[in-house]
Amino acid sequence: MQFNSENYTIKEITLNGNTLTYRAFNDIPYVMNPINPEFQKLSIYVPENYYHDKSINSYTLKTAPIFMPNGVGGYMPSEIEEPGYARFGKPGTINSLFWALHHGYVVVSPAIRGRSQKNEAGKFTGKAPACLVDYKAAVRYLHANAHLVPGDTNKIITNGTSAGGALSSLMATTIDHPDFEPFLEEIEAFNSTDKIFAASCYCPITNLEHADMAYEWQFNSVPHYSRKKMVMTDGGRPSFSAEDGELTELQFALSGQLKALFPDYLNNLHLMDSNGDPLLLDADGKGSFVDYLGKLLLASAKKENVDVASIPWLDESGKLDIDGFACDITRMKTPPAFDDITGHSPENDLFGDQTISCKHFTTFSYEHSTGGVELADMDVVKMLNPMHYIDDEKATTAQHIRIRHGQRDRDTSLAISAILAAKLRQSGADVDYQSPWGVEHAGDYDLEELFDWIDRISK
Ligand code: DHB
């Protein structure tokens, strides 16, 4: 299990006129006792110039930050990725691995188990918390081989989008927490550390126990939904088919009940803005927390030189009409958005166990269940929510966290990332949080800015 620096191939690729030469150390097992040996592997990529005494952006083979993106979408399994074209987004878009190498980072790509996987005996092998356990185990491999692997293991930066963004935020907040120890021991991960330096999180689909109430707090006034229905596919992000309609009477009632739960949750977090003023909501869901989102969206509009006078739901002082905002970006999901009362959402599938594919993960949906579905082990549900670990002394938090949640993202409420950012900031982490104007549910769309941020914090 020692890193072998002799076991590599040199690759050269040219994409859109950009040529990259790199060393690929492929398919390295990162645990001693894998549950799924095909997946618990990683590849390391290194700019070839580092082996010829050259530096890139003033980094060298020993000092280069280690960029460690995960390819997880929809909490599905993710295979090892290679520098090349992006698997999703506009055709012809080059992926983050290519540009990161081009920029001088060492890149590590782990394969990660996901919720749909089964072993030969028909048992599920990638239900929660497997995705996070694997990501941690891969980082532990790097630390255990710190003196052998290329790059600076004190500068590991995770990156991911959506479910992958959630994983990146969890990597930043659950470092070395004992909750994960039995799972890491089971697969015989290295007994080193899963410490990372920084995390980049695009539109994290997280805080799943409270995501339904946050969604209805934001979208309660929007009776029409339109979405692409997620279809499960193995080995990549899910595919989608179009679907739209009006909320039923039952769904509308659920929306009202969920919306009413959100202010209490939010108020009990005792969050503050950067001036130390409390972020609160009254029983109608109005208050200083809305102003905090308004300021975030105002800054976003200004960054893109959008004429604020042309936005009916926002004014120059940052006053936000949350209903007008929700109406503009439209509703994607029906209530409850995540813990479906039929018990068959992607998140229900995430919290299944070895023999049961889907479970509820909120008492609300469990009590309203029409699917006869069990409640998940709440200790496991906790393990996929960064909010529970930020104040926990048994975990450390990464020093730097960058969160981006597109202004037009409707996959989860803007409140979810806003709460995460505020809580992290309050705990003393260096947080860079923005809601880029006009951006939908996506990631890796601003790699130049992301790499500027990495360079700034690393040098
Ligand atoms: C993803 C998107 C969702 O809307 C969701 O509920 C879970 C995951 C994703 O793209 O990863």
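Atoms within each ligand, like the ligands themselves, are counted from 1 in listed order.
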Would you say the ring centers of F190 and H143 fall short of 6.0 Å from each other? no
Under 4.0 Å from any heavy atom of S162, which atoms of ligand 1 are there? 1 (C), 2 (C), 8 (C), 9 (C), 10 (O), 11 (O)
Passing candidate, side-chain hydrogen bond (donor to acceptor under 3.5 Å, both in side chains) with S345, options T342, N348, D349: N348
Using a 3.5 Å cut-off on N or O atoms only, is E347 in polar contact with ligand 1? yes
Looking at D176 and R140, is any side-chain nitrogen of the basic one under 4.0 Å from a carboxylate oxygen of the acidic one? yes
With sequence neighbours excluded, what pairs up with R410 under the salt bridge (charged side-chain N to carboxylate O under 4.0 Å, His left out) test? none
Options L167, D411, T206, T412, ranked by nearest heavy atom to atom 3 (C) of ligand 1, top entry: D411
Start with the C-alpha distance between K303 and Q434, add both sets of side-chain angles, then the distance that settles side chain to side chain donor-acceptor pair (under 3.5 Å), and finish with yes or no. CA-CA 10 Å; K303 190 174 173 192; Q434 291 180 22; 2.9 Å; yes
If we only consider heavy atoms of Y75, is any one of them less than 4.0 Å away from an atom in ligand 1? no
So if I count the atoms of ligand 1 from 1 in the order they appear, which ones are less than 4.0 Å from some heavy atom of G73? 11 (O)
Which of the numbered atoms in ligand 1 are under 4.0 angstrom from any heavy atom belonging to H441? 2 (C), 10 (O)
Show the numbers, then the answer: is there a side-chain contact (heavy atoms from CB on, under 4.5 Å) between V107 and Y22? CA-CA 10 Å; V107 173; Y22 63 97; over 6 Å; no
Give yes if a backbone or side-chain nitrogen or oxygen of A163 is under 3.5 Å from a nitrogen or oxygen of ligand 1, and no if not. yes
Q251 and L247: which non-hydrogen atoms are nearest, and at how many Å? OE1-CA, 3.4 Å
G74 to ligand 1: N or O pair under 3.5 Å? yes
Would you please determine whether P346 falls within less than 4.0 Å of ligand 1 on a heavy-atom basis? no
